[in-house]
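Have a look at the structure below before the remarks.
By convention here, the first residue in the shown sequence is residue 1.
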Amino acid sequence: MRSLHRRSDRLRPIDALVDRRPPLPLWLAAVVAIAAGPVLDAGFPDRGVWPLTFVGIALVLLTLMGRSIGGALLVGFLAGESFYLIHIEWATAYLGPVPWAALSTLEAIFFALGAVLITLSYRWVPRAFPGIGGRVWLTAAVVAALWTARETLVSTWPYGGFPWARMALGQSESPFAPLVAWVGFSGLSFLMVLLVALALQLAATAELPTVSRVGTAVLAVIAVLVVPAWPTTTTGSMRVAAIQGNGPAGYFDAAAPGTVMQTQIDETLQVLDADVDVVVWPEGSADLDPQRVPQSAAALDALSRRMDAPFVVGAISQRGDRYYNSSLLWDASDGVRDVYDKKHPVPFGEYVPDRKFWEPFAPDLIGLIQREYTPGTKDNVFDIDGVLAGISICFDIADDQLTRDAVSGGARIVFAQTNNADFGQTDENQQQLAIARLRAIESARSVVNISTVGTSQIIGPDGSTIDSIPAFRPGSMVSEVPLTDTVTPSMAFGHQLEMFIGGMGLASLVLAGFTARPRRVSNRPRT
């Protein structure tokens, strides 16, 4: 008996290292999880304190260490709910609190399910690979990969996904921003979580000297930050006029048809003598469709003829009984030269998926959305007198694949048309602008982000601001905008990298679950 007792004592240190009990009791983990949401949100625009994104990730991971499955579900849900309720609070300005709460709760459920996988990785990976490399590096990598896999899933599913709150999107103004050209949005999220998870694992590895733990963490951060910006070569320029009319473009604005277009015309008249290659108006700017309303077509013809330049304008197109949120390439000689229909209309905003199923839950709200926009099928590239331009309409800018489609289609510049009028002075405007800035860096393409009400900016291929118009003021940007043909690694291999990261995380978790050593000492994690 004494021999067995001594053998058990000898095994305890190993078990303690690879199967730690929770660093936080459940009640405290719940409090920390709730606090993590506001901290995470503060790393995103409009507050934009980007280091807080890393702090928020650390708080979430700390609450998941050593948890049971039930405990992970609870703290994961609390962290997700507190984050999304604050992060997308702007949704209440459009359709009120019910859709905002419903979307936040759905995303929090996904967050909780991802939290369970992360908790299992903390339990299984160190037991399956008990060496320093397994307990520190592999565990951190699997945790980061699983976090990224959850982001990837919710970015594409259901109903096209909601890619708005990925960790990478908090880094548009940080030293980490240039990395998106190499690894894309998902790759940057992975690296961010990896650095945080690695620091936490090093902190918990007591057998390593403090100098080694701190030095390893610092070197990991330096190794990521010393990656140079992807080199871009300018292959010409395009002189662009972008017009922000500041008209009453909100869904519920009681404006007469044509009012928004008139504000765009009035502001365009201020730059009538500008020598430009193209004039870009925002999403929905031609609220009288020039394809169907002769007066609207005549106004665009007159402006295009006077400025000797084609116009890229937003309009609502109707073909048969279907409506499309469209961008039109228009000039005085040909009228409509090309059309792009928005491929990613916003579910429950621009259309109601499975309307018969959802309408009984909130008939008044669902009933507000009368016009159902059909997702487009046309390519998102316009040929503007020999210069290929990628077209993005509002929520399109958050869709990774649409940017890749534009670049693979030969786009040398991107026109991002949007209408932020429904969201007033909320954070939505700045969050979308941050996505546009990262898209410019990721694709090495200048992005003309033009809104009905702002904030509008012309962003260079390196993410720098070339020109801007303040929010809720009419104005114009007339600038010589760089063109590039560069194909970044993210544009060439971003989807494959994203799939590799997610696949690696899930495969490693399954392998660890099968090969983890049986527990020799009863040390079940507390709830």
Side-chain angles (χ1 to χ4, degrees), residues 155-156 159-161 163 184-185 235-236 238 240 242 277-286 289-291 309-320 322-331 333-346 350-351 373-419 435-436 439-440 442-450 461 481 483-488 490-496 498:
S155 295
T156 55
Y159 304 130
F185 286 19
T235 56
M238 174 180 253
V240 178
D277 299 309
V278 64
V279 181
V280 185
W281 284 6
E283 174 190 19
S285 48
D289 181 7
Q291 301 169 101
F311 276 58
V312 177
V313 302
I316 306 307
S317 299
Q318 183 178 0
R319 297 171 213 135
R322 294 188 174 185
Y323 290 91
Y324 300 86
N325 188 346
S326 302
S327 182
L328 314 177
L329 177 59
W330 186 284
D331 71 15
S333 58
D334 300 319
V336 177
R337 282 168 41 183
D338 205 348
V339 178
Y340 165 67
D341 301 317
K342 187 177 183 179
K343 288 188 176 181
H344 202 147
V346 180
E350 293 180 303
Y351 78 107
Y373 292 119
T374 302
T377 57
K378 301 174 181 290
D379 69 80
N380 59 343
V381 175
F382 285 170
D383 185 340
I384 303 175
D385 299 326
V387 175
L388 297 183
I391 306 299
S392 171
I393 302 177
C394 200
F395 198 66
D396 280 351
I397 197 70
D399 189 316
D400 293 351
Q401 189 56 47
L402 294 182
T403 303
R404 295 187 189 115
D405 289 346
V407 171
S408 65
R412 300 166 66 194
I413 189 172
V414 174
F415 297 149
Q417 300 166 285
T418 186
N419 175 14
I435 297 174
R439 286 291 180 216
E442 179 195 38
S443 64
R445 298 294 184 275
S446 297
V447 173
V448 179
N449 188 77
I450 182 66
V481 184
L483 304 175
T484 58
D485 292 323
T486 301
V487 178
T488 65
S490 174
M491 291 293 98
F493 308 110
H495 181 66
Q496 293 91 321
E498 186 177 68

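Taking both residues in full, the closest heavy atoms of K342 and I393 are given as CE-O, 3.2 Å, listed atom of the first, atom of the second, then distance. Here the closest heavy-atom approach between residue Q291 and residue S317 is recorded as NE2-OG, 2.9 Å. Of all non-hydrogen atoms in A406 and G390, the two that sit nearest each other are CB-CA, 4.0 Å. The two atoms that bring Y324 and P375 nearest to each other are CE2-O, 4.1 Å, heavy atoms only. In this structure, A436 and V447 approach most closely via the heavy-atom pair O-CG2, 4.0 Å. Of all heavy-atom pairs spanning S327 and Q417, the tightest one is OG-OE1, 2.6 Å.
Counting heavy atoms from C-beta outward, D338 and D383 have side chains that stay 4.5 Å or more apart. Under the 4.5 Å side-chain criterion, counting only non-hydrogen atoms from C-beta, N419 is not in contact with C394. At a threshold of 4.5 Å between non-hydrogen side-chain atoms, the residues S326 and Y373 do not count as touching. Y340 is not listed as a side-chain neighbour of L329, based on a closest heavy-atom distance of 4.5 Å or more. The shortest side-chain heavy-atom distance between I397 and T418 does not fall under the 4.5 Å cut-off. With a 4.5 Å cut-off on side-chain heavy atoms, V407 and T488 do not count as touching. The side-chain heavy atoms of V312 and V278, taken from C-beta on, include a pair separated by under 4.5 Å. In this structure, T374 and R319 have side chains that are not in contact, with every pair of non-hydrogen atoms separated by 4.5 Å or more.
D331 CG to D385 CG: the interatomic distance, rounded to the nearest 0.5 Å, is 7.5 Å. Taken from CD1 in I391 to CG in D405, the straight-line distance is 13.5 Å, to the nearest 0.5 Å. Atoms CD1 and CD, on I435 and E442 in that order, are 11.5 Å from each other to the nearest 0.5 Å.
A search for side-chain hydrogen bond (donor to acceptor under 3.5 Å, both in side chains) contacts involving N380 returns nothing, not counting sequence neighbours.
When the shell of 6.0 Å around CZ of F493 is examined, it contains 12 or fewer heavy atoms from other residues, nucleotides or ligands.
Using a 4.0 Å cut-off between charged side-chain N and carboxylate O, D341 and R322 make no salt bridge. Using a 4.0 Å cut-off between charged nitrogen and carboxylate oxygen, R439 and D400 count as a salt-bridge pair.
A donor-acceptor pair is defined here as one N or O able to donate and one able to accept, closer than 3.5 Å; such a pair exists between the side chain of K343 and the backbone of K378. Within the 3.5 Å criterion, the main-chain N or O of S285 finds no donor-acceptor partner in the side chain of E283.
Note that R337 lies outside the cation-pi zone of F382, set by a 6.0 Å cut-off to the ring centre and a 45° limit from the axis.
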For a side-chain contact (heavy atoms from CB on, under 4.5 Å) check, start with the C-alpha distance between I316 and D289, then their side-chain angles and the critical distance, and finish with the verdict.
CA-CA 6 Å; I316 306 307; D289 181 7; 6.0 Å; no
